[in-house]
Protein chains: 4
Amino acid sequence: MYDIEAVARRFFDKSVTDRERAIFEGAITLGATYHQFIGTPICRDERIVKALEEAISKSMELQPHKEEVKVRINLDMIKEEKRHPYDYVTLQGRHLDIKVVSRYGKVKATLRMRYVPELDYTLMYVERIEENIC
Amino acid sequence: MYDIEAVARRFFDKSVTDRERAIFEGAITLGATYHQFIGTPICRDERIVKALEEAISKSMELQPHKEEVKVRINLDMIKEEKRHPYDYVTLQGRHLDIKVVSRYGKVKATLRMRYVPELDYTLMYVERIEENIC
Amino acid sequence: MYDIEAVARRFFDKSVTDRERAIFEGAITLGATYHQFIGTPICRDERIVKALEEAISKSMELQPHKEEVKVRINLDMIKEEKRHPYDYVTLQGRHLDIKVVSRYGKVKATLRMRYVPELDYTLMYVERIEENIC
Amino acid sequence: MYDIEAVARRFFDKSVTDRERAIFEGAITLGATYHQFIGTPICRDERIVKALEEAISKSMELQPHKEEVKVRINLDMIKEEKRHPYDYVTLQGRHLDIKVVSRYGKVKATLRMRYVPELDYTLMYVERIEENIC
């Protein structure tokens, strides 16, 4: 296969740095993960929750420039929620704790999405940027 | 928990039979599965495909009145498709072969969704209905 | 175009009646609508809510054997919910009231999905079946 | 409402610039839009396509720090595709041309997603960054 990145880069604004590109690629995956999987039926059974965490992680890691995608579904929160008449729940943003590590050039960006009680909001943010990674 | 089904049934047209109800419940899950997971990144790696099949099956089985949900992602079809520049594919309807077994009263309905080459269409259909199940 | 239905019908269990087929087709659309649009950002602005209702209805009516799809987003419920820090909400099942009218042969099935306070659940059900429709 | 941004900012790596934040916020919406709406039934009817473009734009603009979201569904591409037996299509990434304008502080970032024939891929990229916007 030819150098896809060389072609792709031509579409980007020339001023975009490797830091910015790493953040860009990671943020796409945060937004994608939320909107792809919200609504999926889940329950209190740990094996089902683990299977879903695993599948989401592995599939979202396939998006370009990803080093790692970690997904945790907050089982404790689900256990505390009102018991649903048919005994399952649909996955919501606040149940999810997602870490996306993207890499571009020598920059590694760690992005995060998790429910922040203080805001009562599922916040997406840039947790850490590491430069000069070998 | 009180008898949820007794309450739910009051909302249904009185003429609805157990056969019809079993079909209804299964068809919801066929439509739901397609529209929940289409767009998920996948690839030729068998372990990733298996993890996703497993997670989809297990989560969709949580919907009411399901006996079994079997999901097969057609890896051969994906392997034959044009190689994508970033080497992954987004899941499409034609990649999926889904079997939903729903049950209501003594009726078991087996519903199916799969790509039908003759129609060049991903068809959903009622494959089998069994009555007087114990 | 050739008779697609004649081909499709060959995949169905021979015992499936027109009533059952109408219910089957409608239920697919109920499940599909829920899982396609849950997670969409919405707000208290009536024009945005109307635009989304319109788009969902029109697009889901394209699925086979649909006579009508009506979607109402419960704006009053959204207005009563806790004000979100960034002042928008993500669409959830309980916000939706969906009516799907499907038709097969001389049978018209009206299917419904709406939040039922008594169950504290978003119930999908068969509201009405009309036979011998001209 | 209190200053949500002041609280949110505390979660971000301190080195994140306004440029990076604008890119971050826009990229979330690109990933979100793709994965929320892929799979939606569409057709060659211009009114339906317009209704969907409008609804997607308006709803995704509700995400934080968005100035504008423009969505164009490539009707010409859909018209050229093989006629589907039931005469509708499910929305795919390559049908979409999305422009997201996000703003943070004095920085405006224009992000884009569109099908690039040269890559045979639906590419997301940073089209333009403007600084010192009033």
Side-chain angles (χ1 to χ4, degrees), chain A residues 1-11 25 28-66 69 71 73 78 82-92 95 100 102 104, chain B residues 1-11 25 28-66 69 71 73 78 82-92 95 100 102 104:
Chain A
M1 203 174 344
Y2 72 117
D3 186 355
I4 164 90
E5 255 310 296
V7 180
R9 206 154 32 213
R10 281 196 267 125
F11 290 87
E25 298 293 339
I28 288 169
T29 298
L30 276 189
T33 307
Y34 183 105
H35 290 270
Q36 182 66 58
F37 295 103
I38 290 306
T40 302
I42 46 163
C43 69
R44 291 169 178 83
D45 181 329
E46 201 163 331
R47 284 164 313 163
I48 298 181
V49 165
K50 287 288 162 226
L52 193 59
E53 288 174 344
E54 175 92 349
I56 298 176
S57 303
K58 281 192 178 341
S59 92
M60 299 314 287
E61 273 175 3
L62 296 172
Q63 293 194 334
H65 310 295
K66 297 295 152 329
V69 177
V71 175
I73 296 170
I78 291 168
K82 203 192 141 293
R83 231 181 152 66
H84 179 291
Y86 285 106
D87 210 17
Y88 72 100
V89 180
T90 50
L91 188 63
Q92 300 191 31
H95 300 138
V100 173
S102 55
Y104 199 85
Chain B
M1 204 174 344
Y2 72 117
D3 186 354
I4 163 90
E5 256 307 298
V7 181
R9 204 153 35 210
R10 281 197 266 125
F11 290 86
E25 299 292 339
I28 288 168
T29 298
L30 276 188
T33 306
Y34 183 106
H35 289 270
Q36 182 66 59
F37 295 103
I38 290 306
T40 302
I42 48 164
C43 69
R44 291 169 176 83
D45 181 329
E46 200 162 334
R47 283 164 314 165
I48 298 180
V49 165
K50 287 289 162 227
L52 194 58
E53 288 174 343
E54 175 92 348
I56 298 176
S57 303
K58 280 191 178 346
S59 92
M60 298 314 286
E61 273 176 2
L62 296 172
Q63 292 194 333
H65 310 296
K66 299 293 152 334
V69 176
V71 175
I73 295 171
I78 291 168
K82 204 192 138 293
R83 230 180 152 67
H84 178 293
Y86 285 106
D87 209 19
Y88 71 100
V89 179
T90 49
L91 188 64
Q92 299 191 30
H95 300 138
V100 172
S102 55
Y104 199 84

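Convention: sequence-line order gives letters A, B, ...; per-chain numbering from 1.
The shortest heavy-atom contact between A:A51 and B:A55 is O-CB, 3.6 Å.
In terms of heavy-atom pairs under 4.5 angstrom with chain B, the leader among A:I38, A:V89, A:T90, A:L91 is A:I38. Your options are B:T40, B:L52, B:I42, and the one with the most heavy-atom pairs under 4.5 Å with chain A is B:T40.
Distance check, rounded to the nearest 0.5 Å: CD of B:E61 to CD1 of A:I48 gives 7.5 Å. Interatomic distance, A:E54 CD to B:R47 CZ, rounded to the nearest 0.5 Å: 10.0 Å.
Aromatic ring pairs are classed by plane angle as parallel below 30°, tilted from 30° to 60° and perpendicular above 60°; the pair A:F37 and B:F37 is tilted.
The backbone N or O of A:Q36 sits less than 3.5 Å from a side-chain atom of B:Q36, completing a donor-acceptor pair.
A 4.5 Å side-chain heavy-atom check between A:Q63 and B:Y86 finds every atom pair outside the cut-off. Annotation: side chain of A:S59 is not in contact with side chain of B:Y88 (no heavy-atom distance under 4.5 Å).
Of the two parts of A:A32, neither the backbone nor the side chain holds a non-hydrogen atom closer than 4.5 Å to a non-hydrogen atom of chain B.
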